[in-house]
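What follows is a set of notes on a single structure, which appears directly below.
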2 protein chains.
Amino acid sequence: MATFDVDNVLQQAERSCVEHGARLTSKRKHILEVLLKAEAPRSAYEIAELYRQQTDENIPVMSVYRMLDFLMQNSLVHKLASNNKFIACAHIACSHSHQTPQFLICDKCQQVREIGVDKQLIHALEESIENNHFQLNSPQLELHGVCESCQKQH
Amino acid sequence: MATFDVDNVLQQAERSCVEHGARLTSKRKHILEVLLKAEAPRSAYEIAELYRQQTDENIPVMSVYRMLDFLMQNSLVHKLASNNKFIACAHIACSHSHQTPQFLICDKCQQVREIGVDKQLIHALEESIENNHFQLNSPQLELHGVCESCQKQH
DNA sequence: GGTTGAAATGATATGATATATCATTATTTA
DNA sequence: TAAATAATGATATATCATATCATTTCAACC
Ligand SMILES: [Zn+2]
Ligand SMILES: [Zn+2]
Ligand SMILES: [Zn+2]
Ligand SMILES: [Zn+2]
């Protein structure tokens with residue numbers, strides 16, 4: 001499914017955590033792995049279930065939420081507000097620092113594409129914000145629509 | 001609180017519904033009124049409670065959800081995905097047709113400003129979308145930050 | 001190596017948001 | 001008025017999220 005090497009991304013995540021003095025414990029890593037292997041965003045409860053399936057070990061949902069919080073704080077996971085689901089960051093293995101993310105969410109197949117926000121867009125956003133005397137706070141854009149492959153289906 | 005005349009907006013909502021052959025029943029109208037009078041977005045449960053207070057009449061939350069659905073279909077109410085709350089459209093009394101909305105949400109006082117998306121921004125968005133072969137689906141932008149008045153407070 | 005304090009995780013309860021389904025009432029249409 | 005349709009009520013339950021206290025793990029220190 002994934003167009004990237006899960007193990008490589010996990011190693012990169014580990015490196016990035018070490019750099020920041022954050023502890024990527026084995027359970028947290030497994031949670032991230034579940035999301036990396038998932039083909040679409042998952043809810044905390046779905047993640048708990050996938051965790052059980054993939055490790056034969058039970059995990060309380062409460063713990064999943066806490067681990068997701070950790071992963072989000074370290075920009076390894078994002079939460080999609082529009083459907084209350086979580087997704088692994090698509091740029092863990094990229095060298096550049098994490099930009100403000102933009103998610104293209106397919107309403108047919110639920111797949112999500114995370115792209116960096118286009119410069120022109122950032123500029124337009126800032127301008128629009130400025131006109132309203134509003135102080136922006138790390139935006140995250142979620143755009144719903146239909147992905148390329150779903151468009152092709154009849 | 002409101003910087004507009006609630007009754008006038010309600011009349012306009014009624015006109016707009018008549019035009020579209022939609023039935024703005026008295027209960028639906030009351031729900032809209034609750035939101036017009038609210039100083040911030042409200043959850044369906046909060047709306048049910050405000051409805052009770054303002055009309056001395058009980059209303060099942062299930063009904064509130066249905067009425068909110070109706071109001072959203074008619075662009076009289078929007079749902080903010082980032083906090084699962086509902087807000088009256090700020091442009092009910094405007095003559096022009098409803099644009100894709102952009103919400104500036106203050107994380108301090110919770111007040112929301114709905115503005116029409118700036119043209120440059122729409123253009124940048126479309127471009128970004130096009131580059132990704134994605135077919136956009138009536139977008140709605142939710143931007144979090146701090147409003148002007150909260151910025152002034154120390 | 002044992003002690004101790006902090007961080008992580010588990011266990012349990014509960015709150016908050018949302019939907020499914022069937023019954024009843026109101027409104028429109030013929 | 002009768003029949004069809006739309007709106008609302010009632011009830012149950014699913015889904016998402018947080019609060020709180022107990023236990024375990026781990027690093028730091030002596
Ligand atoms: Zn990311
Ligand atoms: Zn798709
Ligand atoms: Zn609006
Ligand atoms: Zn404010």
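Here is the naming used below: chain letters follow the sequence lines, and residue numbers restart at 1 for every chain.
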- Test side chain to side chain contact (heavy atoms under 4.5 Å, CB included) on Arg42(A) and Val34(A) and set out the steps. CA-CA 9 Å; Arg42(A) 299 292 180 206; Val34(A) 163; 5.7 Å; no
- Task: With DNA chain C as reference, determine whether Ser26(A) or Phe86(B) sits nearer its 5' end, using the nearest nucleotide of each.
- Result: Ser26(A)
- For the pair made of CG in Asn84(B) and C1' in dA14(D), what is the distance, rounded to whole Å? 15 Å
- CZ of Arg66(B) versus C1' of dC22(C): gap in Å, rounded? 11 Å
- Message: So Val9(A) and Leu32(A), do their side chains get closer than 4.5 Å, heavy atoms only?
- Response: no
- Query: Does a donor on one side chain sit under 3.5 Å from an acceptor on the other, for Glu114(A) and His78(A)?
  - Reply: yes
- Task: Can you tell me the distance, in whole Å, between the CZ atom of Phe70(B) and the C1' atom of dT27(C)?
- Result: 14 Å
- Query: What's the CG-P distance between Leu24(A) and dC26(D), to the nearest Å?
  - Reply: 14 Å
- What does Met67(A) touch in the nucleic acid at a heavy-atom separation under 4.0 angstrom: a base, only the sugar-phosphate, or nothing? sugar-phosphate
- Assign Arg28(B) to base, sugar-phosphate, or nothing according to its heavy-atom contacts below 4.0 angstrom with the strands shown. sugar-phosphate
- Leu68(B) CG - dT19(C) C1' separation (whole Å): 14 Å
- Item | Nearest-angstrom distance from the residue atom CG of Leu80(A) to C1' of dC16(D) | 15 Å
- Thr25(B) vs dA7(D): side-chain N/O to OP1/OP2 distance below 4.0 Å: no
- Specify the residue among Lys27(A) and Lys79(B) whose closest nucleotide of DNA chain C lies further upstream toward the 5′ end. Lys27(A)
- Grab the NE2-C1' distance between His30(A) and dT9(C) for me, whole Å please. 14 Å
- Mapping Ser43(A) and Tyr45(B) onto DNA chain D by nearest heavy atom, which one lands closer to the 5' end? Tyr45(B)
- Is Arg23(A) touching bases, backbone alone, or none of the nucleic acid, heavy atoms closer than 4.0 Å? sugar-phosphate
- Message: Between Gln140(B) and Glu142(B), is there a side-chain donor-acceptor contact under 3.5 Å, judged purely by atom types and distance?
- Response: yes
- Task: Classify the side chain of Tyr65(A) versus the base of dA19(D) as yes if they form a donor-acceptor pair under 3.5 Å and no if they do not.
- Result: no
- Backbone of Ile129(A) reached by a side-chain donor or acceptor of Gln135(A) within 3.5 Å: no
- Rounded to 10°, the helix from dG1(C)-dC30(D) to dA30(C)-dT1(D) deviates from straight, judged by its five-pair end axes, by 30°
- Message: Can you confirm whether Asn132(B) sits close enough to Glu127(B) that some side-chain heavy atom of one is under 4.5 Å from a side-chain heavy atom of the other?
- Response: no
- Scan side-chain atoms only and decide if Asp107(A) and His144(A) contain a donor-acceptor pair under the 3.5 Å cut-off. yes
- Item | Atom-pair distance (CE on Met62(A); P on dG15(C)), nearest Å | 16 Å
